[in-house]
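Position 1 is the first residue of the sequence, and the numbers go up from there.
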Amino acid sequence: MSATPNRRAVVIVLLVPLAVTLALWAFAWPAARIAPRDLPVGVAGSAAAAGQLQERFEQHEGAFEIHRYDDAAAARTAIENRVVYGAVVATGKGPQLLVASAAGPAVSQLLTQMVAGAAPEGTAVPVTDVVAAPAADPRGSALGASILPLAIAGVAAGAVVTSMKLRGARAAVTLAGTAALVGTATTAVTHSWLGAITGAWWTEAGVIGLTVLAIGSIVAGLATLIGPAGIGLGSLLIVLLGNSFSGVTSAPELLPEPVGLIGQWLPPGAGGSLLRSVAFFDGRGAGGAVAILAAWAALGLLAVLVAGRGRPERTDGAAAPASEPDPVPVG
């Protein structure tokens, strides 16, 4: 019996459990360790009353990042600008809670339970949802579920462009056109049909398209630079790490450190955060995510364009050599 099939069998036996273990680590570990970590929240009211509220939050060491505000109006503005997820306002009748379920239903629920639990027995804490999630998707399930298909779409676009041996400007235009169509189709489903996002239609389509373009450009760029292995590397980076570390279904500040931070620097996390901003907050707090997605897209497209120079395509789809060898004289 040949030794080669034996080696292949051993490789399969070892790699499959390793891949499963890696996937469980990436997806299950963050989900099993959901807890607030420097979660931005506000306290408002007179100095003495707000100070007492702040002390209660600070009892949970490392869990909250406290922002102080003079009154409920200032706290509400901070929530609408995505500076904090929620705020507790001290009033003469007791504490009141302001939340934004559109920023993350999991965070709103956590704050509601925490503030209600700290209130004197028999005391009801009024809760105001400053920026509510849409009635068609109150738990944010559709928004959270949309990130993985977008990641797969971007990876597929980069892989197909590579497998078809498209080069240079033709590859870049193909990636951009695919991203634009995915953005339009996805917005038609999530906005027009499901009602899960409720912002400006074409802005949402642009955000989704930019996310897919960034992902597709990364995959195609890596494949252009290091060959077919770049598709696998890009898939691991985007689907395994980017999607599982995105925090879209909860919040980046609820994930273990530094998972939440890493996720926001990758296209799925940045795209999810940007889509939430334009869908529910009129684009507030979107600057950082736009810069991250634009940087990934620019780097990937630059790799595709630069590596494609001097490598013309053949009409049969195969890559032609950059130049023909000089003829060798005979005789």
- Query: Do you know which two heavy atoms are closest between G144 and T249, and how far apart they sit?
  - Reply: CA-CG2, 3.9 Å
- Message: If we ignore hydrogens and angles and just use 3.5 Å, is the side chain of S141 paired with the main-chain N or O of D137 as donor and acceptor?
- Response: no
- Message: Assess the residue pair S277 and R82 against the criterion (side chain to side chain donor-acceptor pair (under 3.5 Å)); give the C-alpha distance rounded to whole Å, side-chain angles, the decisive distance to 0.1 Å, and a yes or no.
- Response: CA-CA 8 Å; S277 287; R82 301 203 70 186; 2.7 Å; yes
- For the residue pair F64 and H60, categorise the inter-ring angle as parallel (less than 30°), tilted (30 to 60°) or perpendicular (more than 60°). perpendicular
- Message: Between V173 and L166, is there a side-chain heavy-atom distance shorter than 4.5 Å?
- Response: no
Less than 3.5 Å apart, which donor and acceptor atoms pair up between the side chains of residues 84-106 and the rest of the protein, not counting sequence neighbours?
{"unit_1": "Y85", "atom_1": "OH", "unit_2": "E253", "atom_2": "OE1", "d": "2.7"}
{"unit_1": "T91", "atom_1": "OG1", "unit_2": "K93", "atom_2": "N", "d": "3.3"}
{"unit_1": "T91", "atom_1": "OG1", "unit_2": "G94", "atom_2": "N", "d": "3.4"}
{"unit_1": "T91", "atom_1": "OG1", "unit_2": "G94", "atom_2": "O", "d": "2.5"}
{"unit_1": "S101", "atom_1": "OG", "unit_2": "D129", "atom_2": "OD1", "d": "3.4"}
{"unit_1": "S101", "atom_1": "OG", "unit_2": "D129", "atom_2": "OD2", "d": "2.6"}
{"unit_1": "S101", "atom_1": "OG", "unit_2": "A133", "atom_2": "N", "d": "2.8"}

- Message: Surrounding CG of D38 (heavy atoms of other residues, nucleotides or ligands, distance under 6.0 Å), is the total greater than 12?
- Response: yes
- Which residues pass the side-chain hydrogen bond (donor to acceptor under 3.5 Å, both in side chains) test with E204, sequence neighbours left out? H191
- Here the gap from F245 atom CZ to L255 atom CG, rounded to the nearest 0.5 Å, amounts to 8.5 Å
- S273 side chain to G269 main-chain N or O, any donor-acceptor pair under 3.5 Å? no
- Item | Those residues that, when tested against R33, pass side-chain hydrogen bond (donor to acceptor under 3.5 Å, both in side chains) (two or more places apart) | none
- Query: Is a donor on one side and an acceptor on the other found under 3.5 Å between the side chain of W296 and the backbone of W265?
  - Reply: yes
